[in-house]
Amino acid sequence: MGMSTTQVATEESFSRSAGKQLAVYALAAVALLALLMWLLNLLASLTASAAGSSTAVDAANNTITIRLSEEPPQLDTTLLTDSVSGVVIAHVMEGLLRYDQHQRLVPGMAERWEINAEQAVFNLRDALWSDGEPVTAHDFVFAWRTALDPVNASEYAFILYPIRNAEAINRGELPLDALGARAEGDRTLVVDLERPVAFFDKLTAFSTYYPVRQDFYEATGGRYGADADQLLYNGPFTMESWVHGQSLDLRKNPRYWDRERIRLDRINVAYIVSDANAVLNLFKDGKISLASLTAENLAEAMEQRWHINRFMDGSVFFIEFNHRPDRLTRNRNLRKAMLLAQDPNELVYKVIKIPGYLPGESLFPVFLDGVRGKFREEYPAPEHRMDIARARQHLEKARVELGLDEFPPLVMLTGDNPVSNIQSEYFQAVFKKNLGLEIRIDRQIFKQRLDKMTKGQFDMVLAGWGPDYNDALTYGDLFASWNLNNRGRYANPEYDRLVGVAQGSLDAKVRMDAFDAMQRIIYEDAVLIVNYERGQAYVTDPRVKGIVRRAVGAEQDYTYAYIDMDG
Amino acid sequence: MGRYALKRLVQGAITVWFIATATFFAMHMVPGDPLASDKAVSEKIRANLEAKYGLDKPLLTQYGIYMGNLARGDFGISFTQENRRVNDIIREHFPVSATLGILAVVFAALGGILWGALTALNRNRMPDIVIMLLVILGISVPSFVFAALGQLTLVNINNLLGFSLLPVAGWGTVAHMLIPSLVLGLGTMAYLTRLMRSSMLEIMNSDFVRTARSKGVPAPRIFTHHQLRNAILPVITVLGPSIAVITTGGFVVEIVFAIPGLGRYFVQAVQQSDYTVIMGTTVFYGAFLVLMVIIVDLVYGLIDPRVRLE
């Protein structure tokens with residue numbers, strides 16, 4: 001009897017004692033964790049700057065904090081191709097000319113310039129590199145030769161082709177010193193042109209045209225632009241530090257020639273993050289001054305009743321047809337049928353529904369300049385009305401011409417992102433309903449899509465195009481038969497002729513007439529179906545004023561930004 | 001012991017070689033062109049780019065060159081960040097992933113062992129039921145949900161307090177690491193809790209515990225030396241692979257919390273067909289996983305005298 005009672009008591013007391021023991025271990029574990037944390041903190045403070053802990057707006061230090069969507073892949077201006085790198089480089093470097101807050105072309109490194117049909121002459125101002133050396137005409141010549149040197153395989157070398165012999169040099173047919181650009185003394189840059197170029201001044205604002213100093217470039221041993229100390233600065237800001245994948249610290253450049261204009265002392269790029277919700281959370285938490293809105297986080301921003309800004313980023317998106325002879329889409333009537341069976345207004349306003357998007361009417365977006373005003377006001381886009389009856393007539397003609405009993409499924413190649421997904425599904429449904437056409441969606445990630453586009457493995461592809469320079473030619477020459485980016489291989493001698501006119505003429509009226517003829521051919525021939533002009537919606541911290549967003553050049557520009565605490 | 005370790009290392013090296021070879025050929029077979037870019041380039045430039053990365057040579061020659069470089073520890077240069085060496089990418093970003101990973105593993109291991117022991121002691125009572133429910137949740141809900149939820153909760157807490165208690169995202173201080181590593185370790189913690197619970201229950205009813213108790217061994221000593229120590233063994237076994245899984249699988253957490261870890265590069269490289277980075281990160285992670293398994297096997301021998309490493 002006594003035995004059994006002690007037994008029970010022991011069982012319970014054992015359990016209690018074990019529980020106590022466990023509690024002691026738990027306490028020890030917490031203490032261990034705290035110690036580990038403390039050690040890590042010590043370690044972290046030794047290695048990293050606490051960049052992530054500052055706030056969106058720091059008025060006392062005249063600093064704003066922003067984020068980038070990805071790590072800048074390339075800050076070597078001779079190789080740079082992407083827009084994120086473009087934003088960073090536009091803050092730390094400057095070309096001969098640049099765009100101001102009203103998108104006007106203004107002097108940069110060049111004080112004065114003169115451009116005629118054969119030659120451009122730039123007189124450089126007294127400007128300094130961040131190490132105190134003067135910026136000279138030689139730096140431009142060196143940069144351009146480097147970009148054109150076929151060994152360096154620069155993807156943007158083509159943008160230098162208006163300079164005499166540039167294309168031949170880039171093909172390896174002429175030596176580098178044959179380039180028609182030379183320094184006359186340190187301050188005069190003389191450029192011989194291959195042909196008359198109506199927009200050469202605009203080209204010089206592009207990053208491939210930025211200067212690079214030879215001795216510095218060579219001293220980096222192939223790592224030019226790879227780190228903050230591997231780059232030389234001549235722009236409004238310098239890069240104090242660059243922690244890859246994490247942060248960039250931009251400080252006002254005391255040697256910048258126009259430093260009075262710059263009102264911020266520091267731009268703290270504290271986050272490199274693309275996740276739409278994370279971006280919005282950072283903004284909500286007061287950590288960043290600007291947050292882009294996408295389909296995923298738009299609803300939340302509207303709920304918060306923030307003031308939503310928008311701007312057109314200049315990109316035009318379209319269905320590009322494959323015009324190769326082995327594809328059904330070579331048939332004009334088939335393309336015409338699809339063109340007439342859809343309505344960009346429905347796509348933009350009922351399907352995509354992101355503020356800022358504009359229904360696509362023309363390959364030439366609304367921001368482009370015409371003769372005096374805007375191109376699209378002077379030359380309205382061809383009128384489009386969805387007409388299913390006519391679309392079906394075209395489809396029937398196409399069927400007869402192609403000798404088919406019925407149409408096999410057509411392949412629509414598309415990227416893998418939220419907008420392309422709904423866009424492709426919209427067209428799949430519309431073409432099925434209105435034309436009875438079966439569309440097979442081939443969804444691919446970026447590089448695979450590009451690869452298939454280049455190899456022509458599609459009937460149609462959801463593609464887009466953004467501007468390199470502020471002239472309609474940046475869009476217009478895309479469908480010239482010789483253009484390698486014409487991945488649907490559209491070829492039309494009349495179109496090519498018009499591109500030639502736009503390339504070679506200096507007369508604005510003649511050029512704009514040519515662009516108008518191009519947009520008509522594109523519609524009449526159903527070369528492509530324009531879907532939309534992309535807009536971007538974003539929110540900003542009300543205390544930060546003067547942020548510039550633009551279609552051509554750096555799409556985010558903080559060189560005019562300032563802090564206004566009453567905001 | 002020494003001979004055993006050596007044998008395992010040689011086996012490990014062969015495994016890594018196999019991983020490298022398989023990845024190399026699989027990568028080249030997957031559609032996608034690492035040199036494809038938005039702007040099409042001329043034949044000449046294309047040829048120069050191919051020459052720069054050695055893509056102009058036959059695949060087997062490329063393989064030979066790559067293996068030669070690999071033997072010397074050179075992973076080559078990235079396709080997407082042309083001025084950066086893959087070695088630098090790994091050197092700069094792996095420590096971040098490792099810090100996050102280690103912290104997550106510590107969370108997971110300590111939590112798993114404590115919760116597991118607690119549930120076993122309170123079998124079929126309230127704490128057991130509640131914790132096991134949470135465990136099911138922790139195992140079945142993917143980490144990106146926890147990551148997003150964790151971040152959202154932080155924002156709301158900060159907004160409520162009117163100041164930043166903990167940062168929402170970013171990297172640099174311990175405050176930045178706390179929530180991400182907790183989120184990252186949650187799944188493993190749940191798994192380890194279950195493992196610990198069942199192993200603890202088995203031990204509690206075993207003969208040697210009963211013997212110890214009838215011998216009159218003090219309760220704390222039985223709990224610590226006879227029960228905990230034996231119950232932990234299976235947990236240690238899975239800890240090695242867990243470290244590798246957590247460290248390599250952190251990319252979701254890294255993306256949501258803007259952490260500059262290697263996981264992001266790993267995933268982006270595959271999306272962008274960045275051959276050298278794919279190879280570099282895969283081989284590196286592969287070697288890391290193999291090494292962790294070897295270490296755990298060796299540690300096993302130290303903890304459990306019954307395991308003789310021969």
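This is a predicted model, so every value here is computed, not measured. Each chain gets a letter, A, B and so on, in the order its sequence line appears, and its residues count up from 1.
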| query | Is there a donor-acceptor contact under 3.5 Å from the side chain of H93(B) to the main chain of I90(B)? | reply |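 Answer holds: no.
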| message | Using a 3.5 Å distance criterion without hydrogens, assess whether the side chain of N486(A) forms a donor-acceptor pair with backbone atoms of A480(A). | response |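 Yes, N486(A) side chain to A480(A) backbone: donor-acceptor pair under 3.5 Å.
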Answer with side chain, backbone, both or neither: which region of [X] has an atom nearer than 4.5 Å to a non-hydrogen atom of chain A?
X	answer
P34(B)	backbone
T224(B)	both
Q227(B)	side chain
Y265(B)	side chain
N156(B)	side chain
L114(B)	both
V30(B)	side chain
L228(B)	side chain
R264(B)	side chain
I77(B)	neither
Q151(B)	both
V270(B)	backbone

Could you tell me which portion of [X] (side chain, backbone, both or neither) has an atom closer than 4.5 angstrom to a non-hydrogen atom of chain B?
X	result
T81(A)	neither
R171(A)	backbone
L22(A)	both
Q74(A)	side chain

| task | Name the option with the most non-hydrogen atom pairs under 4.5 Å to chain B; the candidates are Q230(A), K452(A), M453(A), E71(A). | result |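 Winner by heavy-atom pair count: E71(A).
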| message | Between E167(A) and F158(A), is the side-chain contact (heavy atoms from CB on, under 4.5 Å) condition met? List the steps. | response | CA-CA 7 Å; E167(A) 192 167 359; F158(A) 74 88; over 6 Å; no
| request: For side-chain hydrogen bond (donor to acceptor under 3.5 Å, both in side chains), just list the numbers for S85(A) and D82(A), CA-CA rounded to whole Å, side-chain angles, deciding distance to a tenth of an Å, and then say yes or no. | output: CA-CA 6 Å; S85(A) 304; D82(A) 68 291; 2.6 Å; yes
| Any idea which of I89(B), N122(B), I113(B), N159(B) has the most non-hydrogen atom pairs under 4.5 angstrom with chain A? |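 Result: the option with the highest number of such pairs is N159(B).
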| How long is the span from the CD atom in Q457(A) to the CD atom in Q444(A), to the nearest 0.5 Å? |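 With rounding to 0.5 Å, CD (Q457(A)) is 9.0 Å from CD (Q444(A)).
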| task | Classify the ring geometry between Y275(B) and H28(B) as parallel (under 30°), tilted (30 to 60°) or perpendicular (over 60°). | result |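 The arrangement is tilted - the two ring planes meet at 30° to 60°.
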